[in-house]
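All remarks here apply to the structure that follows.
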Amino acid sequence: GLVYTPSWLSGFQLTMDYYDIRIHNYIGSLDPNTTQTACYEASPSLFATNVFCQQIIRQHDAALGPIIKQINFPSFNLGSIKTSGVDTTITYAFDLGDFDDSLRNAGSFTFTLNTTYLSHYDTDPGIPGTEVIKTAGDAGQHMWRGLLRTTYTNGPLEVSPALRYVGRAYVSKEGTIDTSAAPTELEGNRLNSVWYMDVNVSYDVTEQVQGYVGVNNLFDTRPPETYPGSGLDTTGTGTIADVYDPIGMFIYGGVNLKL
């Protein structure tokens with residue numbers, strides 16, 4: 001990691017951390033296609049005892065004959081996960097009075113910028129016949145994210161707007177079918193970058209009572225839609241709810257009491 005606090009700029013600090021994480025024998029589950037591969041790549045003599053084959057439930061259909069009824073996906077001790085990236089935080093805080101004595105009672109500002117860059121996120125199931133799954137850049141594993149927060153404080157008053165950034169991503173890079181003759185891609189596979197604006201205002205009425213109001217997603221930014229059947233619109237909103245805001249503009253308020 002790196003921390004830079006220049007003597008020539010009071011209140012400024014830059015923090016940068018590089019991480020390289022490797023996990024072996026991780027606990028995870030396989031998607032249906034990988035489960036089938038793990039079964040069929042094994043020796044036929046082991047089908048009866050193969051733990052992955054046991055997750056494939058078959059039945060006989062009167063019209064179609066033997067069919068796969070369902071594929072279970074319990075957790076297993078699998079291969080490895082490797083990921084790396086850079087987290088950066090820049091902070092600059094100052095009093096307005098530092099610039100002019102006439103502003104000594106005008107309050108102070110704090111600016112904080114957090115960015116995250118994901119270089120790679122590779123999952124190796126560790127099973128014969130399967131390939132390393134590279135998901136950096138896919139939704140949920142965005143290569144770029146950021147948060148810029150500005151806080152103005154003047155006595156009991158605090159105003160804090162924040163700008164959130166979620167970078168471009170794919171629902172899945174496997175959704176891109178690239179052939180030399182005719183490159184094609186599933187509709188909705190590419191998700192555009194999204195900006196959200198939030199604002200919070202609080203006021204200390206007394207030492208024990210604080211009132212606050214705020215709004216999330218001030219401009220009612222709509223989330224990018226994912227294509228049907230992607231398996232990521234878990235809330236039924238047509239988007240990835242744990243990454244994007246499916247609700248829209250949300251206004252709130254309340255009172256904090258210190259007893």
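Position 1 is the first residue of the sequence; numbering continues from there.
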Please assess Phe94 against Ser108 for the test side chain to side chain contact (heavy atoms under 4.5 Å, CB included), listing each intermediate value before the final yes or no. CA-CA 6 Å; Phe94 59 88; Ser108 62; over 6 Å; no

Polar side chain donor-acceptor pair, Thr89 to Asn114, under 3.5 angstrom: yes

Note: Ala139 and Leu191 closest approach over all heavy atoms is CB-CD1, 4.0 Å

Shortest non-hydrogen separation from Ala93 to Thr110 and the atoms involved: CB-OG1, 3.7 Å

Nearest 0.5 Å, please: how far is CG in Asp95 from CG in Asp100? 13.0 Å

Electrostatic pair Lys134-Asp122, nearest N-O below 4.0 angstrom: yes

Apply side-chain hydrogen bond (donor to acceptor under 3.5 Å, both in side chains) to Asp87 and Thr116, showing your working. CA-CA 5 Å; Asp87 292 333; Thr116 296; 3.3 Å; yes

What's the spacing between Phe52 CZ and Asn72 CG if we round to 0.5 Å? 13.0 Å

Identify the heavy atoms of Ile23 and Tyr26 that sit nearest to each other, and give their distance. CG2-CB, 3.9 Å

Minimum heavy-atom distance Asp17-Leu2, with the two atoms named: OD1-N, 4.5 Å

Using only atom types and a distance under 3.5 Å, with no angle test, would you say the side chain of Glu158 pairs donor to acceptor with the backbone of Asn154? no

What distance do Leu96 atom CG and Arg104 atom CZ have between them, rounded to the nearest 0.5 Å? 11.0 Å

Can you establish whether the number of heavy atoms outside Glu131 located under 6.0 Å from its atom CD is more than 12? no

Quick check on the hydrophobic clustering: are Val243 and Met143 connected, directly or via other members, by side-chain heavy-atom contacts under 4.5 Å? no

Applying a strict under-4.5 Å side-chain criterion to I, L, V, M, F, W and Y, I'd like to know whether Leu78 and Val132 cluster together. no

Would Ser84 and Ile21 count as a side chain to side chain contact (heavy atoms under 4.5 Å, CB included) here? Give the steps. CA-CA 6 Å; Ser84 67; Ile21 302 172; over 6 Å; no

Per the disulfide bond (SG atoms under 2.5 Å apart) rule, what does the pair list look like for residues 87-171, sequence neighbours excluded? none

Val215 side chain near Met249 side chain, heavy-atom distance below 4.5 Å: yes

Using modelled atom types only, decide if a donor and an acceptor are shared between the side chain of Asp204 and the backbone of Gln210 within a distance under 3.5 Å. no

If you count heavy atoms of other groups shown closer than 6.0 angstrom to CD1 of Ile27, is the number above 12? no

To the nearest 0.5 Å, atom CZ of Arg164 lies from atom OG1 of Thr221 at 9.0 Å

Would you check if Tyr170 and Arg190 make a side-chain contact, meaning some heavy-atom pair closer than 4.5 Å? yes

Side-chain contact test, heavy atoms from C-beta onward, threshold under 4.5 Å: evaluate it for Gln36 versus Ile68 and give yes or no. yes

Close side-chain approach of Tyr203 and Val209, heavy atoms under 4.5 Å: no

If the plane angle is over 60° it's perpendicular, under 30° parallel, otherwise tilted; pick one for Phe111 and Tyr92. parallel

Do Val159 and Val255 share a hydrophobic cluster, counting only Ile, Leu, Val, Met, Phe, Trp and Tyr and linking them when any side-chain heavy atoms are less than 4.5 Å apart? yes

Report yes if some heavy atom in the side chain of Gln208 is under 4.5 Å from a heavy atom in the side chain of Leu257; otherwise report no. no

Considering only heavy atoms from C-beta outward, does the side chain of Leu14 approach that of Val3 to under 4.5 Å? no

I want to know whether Trp144 and Tyr117 have ring centres closer than 6.0 Å. yes

Assigning hydrophobic clusters by single linkage (Ile, Leu, Val, Met, Phe, Trp, Tyr; side-chain heavy-atom cutoff under 4.5 Å), is Val86 placed with Ile90? no

Closest non-hydrogen contact found for Pro224 with Thr239 is O-OG1, 2.6 Å

OH/Tyr19 to OG/Ser119 distance, rounded to the nearest 0.5 angstrom? 8.5 Å

Test of ring centre spacing under 6.0 Å for Tyr165 and Tyr196: no

Could you tell me whether a side-chain N or O of Asn77 sits under 3.5 Å from a main-chain N or O of Asn25, the two making a donor and an acceptor? yes

Looking at Thr135 and Tyr121, would you say the former's side chain and the latter's main chain have a donor-acceptor pair under 3.5 Å? yes

Of all heavy-atom pairs linking Ser160 and Arg149, the shortest is OG-NH1, 3.3 Å

Is there a side-chain contact between Val166 and Tyr244 (heavy atoms, below 4.5 Å)? yes

Just one of Thr150, Leu148, Thr91 clears the side-chain contact (heavy atoms from CB on, under 4.5 Å) bar with Thr112, so which one? Thr91

If you group Ile, Leu, Val, Met, Phe, Trp and Tyr whenever their side-chain heavy atoms sit less than 4.5 Å apart, what else falls in with Phe250? Tyr212, Tyr252

Side-chain heavy atoms under 4.5 angstrom apart, residues restricted to Ile, Leu, Val, Met, Phe, Trp, Tyr: same cluster for Tyr152 and Phe99? yes

More than 12 heavy atoms from other groups under 6.0 Å of CZ on Arg222: yes

Taken to the nearest 0.5 Å, the spacing of Thr35 OG1 from Ile71 CD1 works out to 6.5 Å

May I ask you to decide if Gln141's main-chain N or O and Asp138's side chain share a donor-acceptor pair within less than 3.5 Å? no

Does any non-hydrogen side-chain atom of Pro223 lie less than 4.5 Å from one of Val194? no

Is there a donor-acceptor contact under 3.5 Å linking the side chains of Thr83 and His120? no

Would you say that more than 12 heavy atoms from the other residues, nucleotides or ligands in this model lie under 6.0 Å from the CZ of Arg145, or not? yes

Asn217 vs Asp245, side-chain hydrogen bond (donor to acceptor under 3.5 Å, both in side chains): CA-CA, chis, key distance, verdict: CA-CA 8 Å; Asn217 195 356; Asp245 178 8; 2.9 Å; yes

